[in-house]
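Quantities reported herein were computed from a predicted structural model and do not represent experimental measurements. One-based numbering, in listed order, for ligands and for the atoms of each.
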Amino acid sequence: MRKPIIAGNWKMNNTAAEGVALVEALKPLVADAACDVVVCVPFTDIPAVSAALKGSNVRLGAQNVHFAEKGAYTGEISASMLKEYGVEYVIIGHSERRQYFGETDETVNKRMHAALAAGLIPIVCIGESLEERETGKTEAVLDVQIREGLKGLDDVSRIVIAYEPVWAIGTGKTATAEQANETIGFIRKTCAEVFCPKCAEKVRIQYGGSMNAKNCKELMAMPEIDGGLIGGASLKAEDFSHIVHYDR
Ligand code: 13P
């Protein structure tokens, strides 16, 4: 009943020309997709990739958005600037932004509300570090990220949540399908407590972290996992298409 969503996070990869070449190769490969397909591209790729995606079933996403509508925020991009180019999704609070750029649950929360107010669908990232997992703090960490990061949200099913264990990102170490399923089940249970059971049943929760053509089938077969947020494997059209067709 929850439509799966496979999203690529290109991170800081692909110039506009490279991005267009990638989506031109991708479009025919995923035209028959049964799930939602999204590419989250660098800001400077947005105009060209947006034009290249016109008329296709691939939706466009950004990798961050500022919380103010406009003003003295050098280097930032507003939701209306994204909307102007047909952006529909935006990643918020990726662990790389939390780790390297001082993103906190508070700024994640502000960005999420700004995105929703503008009609963008936030893909809010949460996840624990290796040390937190090894010391048994995973659930406590996720609990805080949900309560603080999603504070003030009326209906959690308006967003997409990406569970990305930090230790699985770009490391080739994937959480086992059981581990990912169990943790996403915990996230859903917490959403039921904080928001409402009905919207917790509806919210789509992705897994992210070294998901690839080989392991996607097993991960996606898990009942709690509604999709993937794909880094490295989204940079090659064939690999990404494989993940989009995870049940083949
Ligand atoms: P990798 O798929 O490269 O591990 O990256 C995952 C990720 O961070 C997606 O946002």
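- Considering backbone and side-chain atoms together, Leu229 places no N or O closer than 3.5 Å to any N or O of ligand 1.
- The shortest N or O to N or O distance between Glu96 and ligand 1 is not under 3.5 Å.
- With ligand atoms numbered from 1 in the order given, ligand 1 contributes 4 (O) to contacts under 4.0 Å with heavy atoms of Ala168.
- Aromatic ring orientation, Tyr73 versus His66: tilted (interplanar angle from 30° to 60°).
- Within the 4.0 Å heavy-atom cutoff, Gly208 does not count among the residues contacting ligand 1.
- Interatomic distance, CD1 of Ile6 versus CZ of Phe240, reported as 7.0 Å (0.5 Å rounding).
- With respect to atom 5 (O) of ligand 1, the closest heavy atom belonging to the protein is Lys11 NZ, 3.2 Å.
- In this structure, the side chain to side chain contact (heavy atoms under 4.5 Å, CB included) partners of Arg98, at least two apart in sequence or on a different chain, are Glu103, Asp105, Val108, Ile126, Gln145.
- Every N/O-N/O distance between Thr171 and ligand 1 stays at or above 3.5 Å.
- Of the protein's non-hydrogen atoms, the one nearest atom 7 (C) of ligand 1 is Glu164 OE2, 3.1 Å.
- At least one heavy atom of Gly209 lies less than 4.0 angstrom from ligand 1.
- Taking every heavy atom of Ser210 and a limit of under 4.0 angstrom, the matching atoms of ligand 1 come to 1 (P), 2 (O), 4 (O).
- For Ser234, the closest heavy-atom approach to ligand 1 does not fall below 4.0 Å.
- A donor-acceptor pair shorter than 3.5 Å can be found between the side chains of Trp167 and Glu128.
- Other residues, nucleotides and ligands contribute more than 12 heavy atoms inside 6.0 Å of the CZ atom of Phe43.
- In this structure, Ile159 CD1 and Ile205 CD1 are separated by 9.0 Å, a value rounded to the nearest 0.5 Å.
- Given atom 3 (O) of ligand 1, the protein heavy atom at minimum distance is Gly232 N, 2.9 Å.
- Checked for salt-bridge contact, Glu201 and Arg188 miss the test: no charged N lies under 4.0 Å from a carboxylate O.
- Nearest-heavy-atom check against atom 4 (O) of ligand 1 across Gly170, Cys40, Pro165, Gly231 picks out Gly170.
- A distance of 8.0 Å separates CG of Leu150 from NE2 of His113, quoted to the nearest 0.5 Å.
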